[in-house]
Enquirer: 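Structure below; questions to follow.
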Amino acid sequence: MTVLAASSLTKRYRRGDKPFAAVDNVSFEIGPAETLALAGPSGSGKSTIARLVLRLIEPDAGRVDFEGADFLALSGAALRARRARIQMVFQDPLAAFNPRATVARVLDDPLRIHGIATRAERPRRIAALLERVGLDAGLAARAIHEISGGQRQRVAIARAIATRPSLIVLDEAVSALDVSVRGQILELLLDLQRQERIAYLFISHDLGVIRAVAHRVVILDAGRITESGDARSVIANPQSAIGKALVAATPRLTRSRP
Ligand SMILES: Nc1ncnc2c1ncn2[C@@H]1O[C@H](COP(=O)(O)OP(=O)(O)OP(=O)(O)O)[C@@H](O)[C@H]1O
Ligand SMILES: [Mg+2]
């Protein structure tokens, strides 16, 4: 069983006059309740893959199968229904949401748009979502710009789970948080995955974070997969030059080595 299968995805852009493949023939699968990490240097194509999977941009070649359906072929009501099942969390929730919107408004949107709860039910659903991500229900009345970065990222996660997705794409979702808040958010993600069986496509440049949350890792280099496998094994014993360089650049991974 797979939740998401990306097959031979290719996305070309131009750099000056020269076309180049930002994503070059990339394939991977993610199963239910599984975390697949994408790692790789800046510009290796991680966010482009996220956008392709979310169908924010269209590939030049390849396909995306989501919950057994050809995701790129869907349109209209079928696409809207399937889109509710694949959610996203980005690095900066201040950029993703209207900073002046209340927390309640941010969480009300998906419930309303996808017809998940009636107007009368929604305040209770919003309170339950906030509690599910470890926030006080009283936070609902506050504006996005008034709450802390960690609280904002919890709101982003609450919004993502509002539609009961089978997959969440997280692009550097914990990168902007300080270490203690980061640890708490990673715990929350692990807990949600255990409880709700959500799969994660987890993008990070931090192999320490990837080792803590991912089952498998794909390492990208200039748009191509350079190596992939069990996250702990790959990080403990990288085979590719890029994999070795990424491990070497993450000091706390090697600190305990004899
Ligand atoms: N819309 C675009 N037009 C032209 N080039 C683009 C576009 N989007 C991305 N690129 C290029 O594609 C390549 C991959 O970019 P991408 O954002 O996917 O990298 P990334 O791995 O997410 O990097 P980072 O770790 O810095 O976030 C880069 O060379 C980038 O400049
Ligand atoms: Mg990126």
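Order of appearance sets the numbers: ligands from 1, and atoms from 1 within every ligand.
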Enquirer: As an exercise, state the distance from CG of L36 to CG of L167, rounded to the nearest 0.5 Å.
Expert: 10.0 Å
Enquirer: Atom 13 (C) of ligand 1: which protein heavy atom is closest, and how many Å away?
Expert: G43 O, 3.6 Å
Enquirer: Same hydrophobic cluster for L220 and V217, using side-chain heavy-atom links shorter than 4.5 Å among ILVMFWY?
Expert: no
Enquirer: Within the 4.5 Å heavy-atom criterion, are L192 and R132 side-chain neighbours or not?
Expert: yes
Enquirer: Are I30 and V23 grouped together when hydrophobic residues (ILVMFWY) are joined by side-chain heavy atoms under 4.5 angstrom apart?
Expert: yes
Enquirer: How far is atom 27 (O) of ligand 1 from its nearest protein heavy atom, and which residue and atom is that?
Expert: S47 OG, 4.0 Å
Enquirer: Quick one: nearest non-hydrogen protein atom to atom 26 (O) of ligand 1, plus distance?
Expert: S42 OG, 2.5 Å
Enquirer: Can you tell whether the side chains of D108 and R119 come within less than 4.0 Å, N to carboxylate O?
Expert: no
Enquirer: Among the heavy atoms of S44, does any lie under 4.0 Å from an atom of ligand 1?
Expert: yes
Enquirer: Among R15, K46, R51, R12, which one puts a heavy atom closest to atom 21 (O) of ligand 1?
Expert: K46
Enquirer: Is the number of heavy atoms from other residues, nucleotides or ligands under 6.0 Å of R55 CZ greater than 12?
Expert: yes
Enquirer: With a 4.5 Å limit on heavy-atom distance, are the side chains of I161 and I198 in contact?
Expert: yes
Enquirer: Using a distance threshold of 4.0 Å (strictly less than), state whether atom 3 (N) of ligand 1 has a protein heavy-atom neighbour.
Expert: yes
Enquirer: Going by the order shown, which atoms of ligand 1 are within less than 4.0 Å of some heavy atom of P41?
Expert: 21 (O)
Enquirer: Give me the nearest non-hydrogen protein atom to atom 12 (O) of ligand 1 as residue plus atom name, then the distance to 0.1 Å.
Expert: A22 CB, 3.3 Å
Enquirer: Could you establish whether G223 and ligand 1 come within less than 4.0 Å of each other, counting only heavy atoms on the residue side?
Expert: no
Enquirer: Does K11 have a heavy atom less than 4.0 Å from any atom of ligand 1?
Expert: no
Enquirer: Which residue and atom name correspond to the protein heavy atom nearest atom 18 (O) of ligand 1, and how close is it?
Expert: T48 OG1, 2.6 Å
Enquirer: Using the six-membered ring wherever Trp is involved, compare the ring planes of F20 and Y13 and label them parallel, tilted or perpendicular (cut-offs 30° and 60°).
Expert: tilted
Enquirer: Identify which one of E196, Q87, M88 satisfies the side-chain contact (heavy atoms from CB on, under 4.5 Å) criterion when paired with P165.
Expert: Q87
Enquirer: Looking at atom 30 (C) of ligand 1, would you say a protein heavy atom lies below 4.0 Å from it?
Expert: no
Enquirer: Does any part of the side chain of R182, heavy atoms only, come nearer than 4.5 Å to the side chain of I185, both counted from C-beta?
Expert: no
Enquirer: Using a 3.5 Å cut-off on N or O atoms only, is R14 in polar contact with ligand 1?
Expert: no
Enquirer: Is the distance between the Mg ion (ligand 2) and the nearest N/O/S atom of S42 smaller than 2.8 Å?
Expert: no
Enquirer: Heavy atoms only, cut-off 4.0 Å: how does H205 contact ligand 1, side chain, backbone, both, or neither?
Expert: neither
Enquirer: Please write down residue, atom name and distance for the protein heavy atom closest to atom 11 (C) of ligand 1.
Expert: F20 CZ, 3.7 Å
Enquirer: Can you tell me if K46 uses its side chain to pair, donor with acceptor, with the backbone of P41 under 3.5 Å?
Expert: yes
Enquirer: Among all protein heavy atoms, pick out the one at the shortest distance from atom 6 (C) of ligand 1; state its residue, atom name and that distance to 0.1 Å.
Expert: Y13 CD1, 3.3 Å
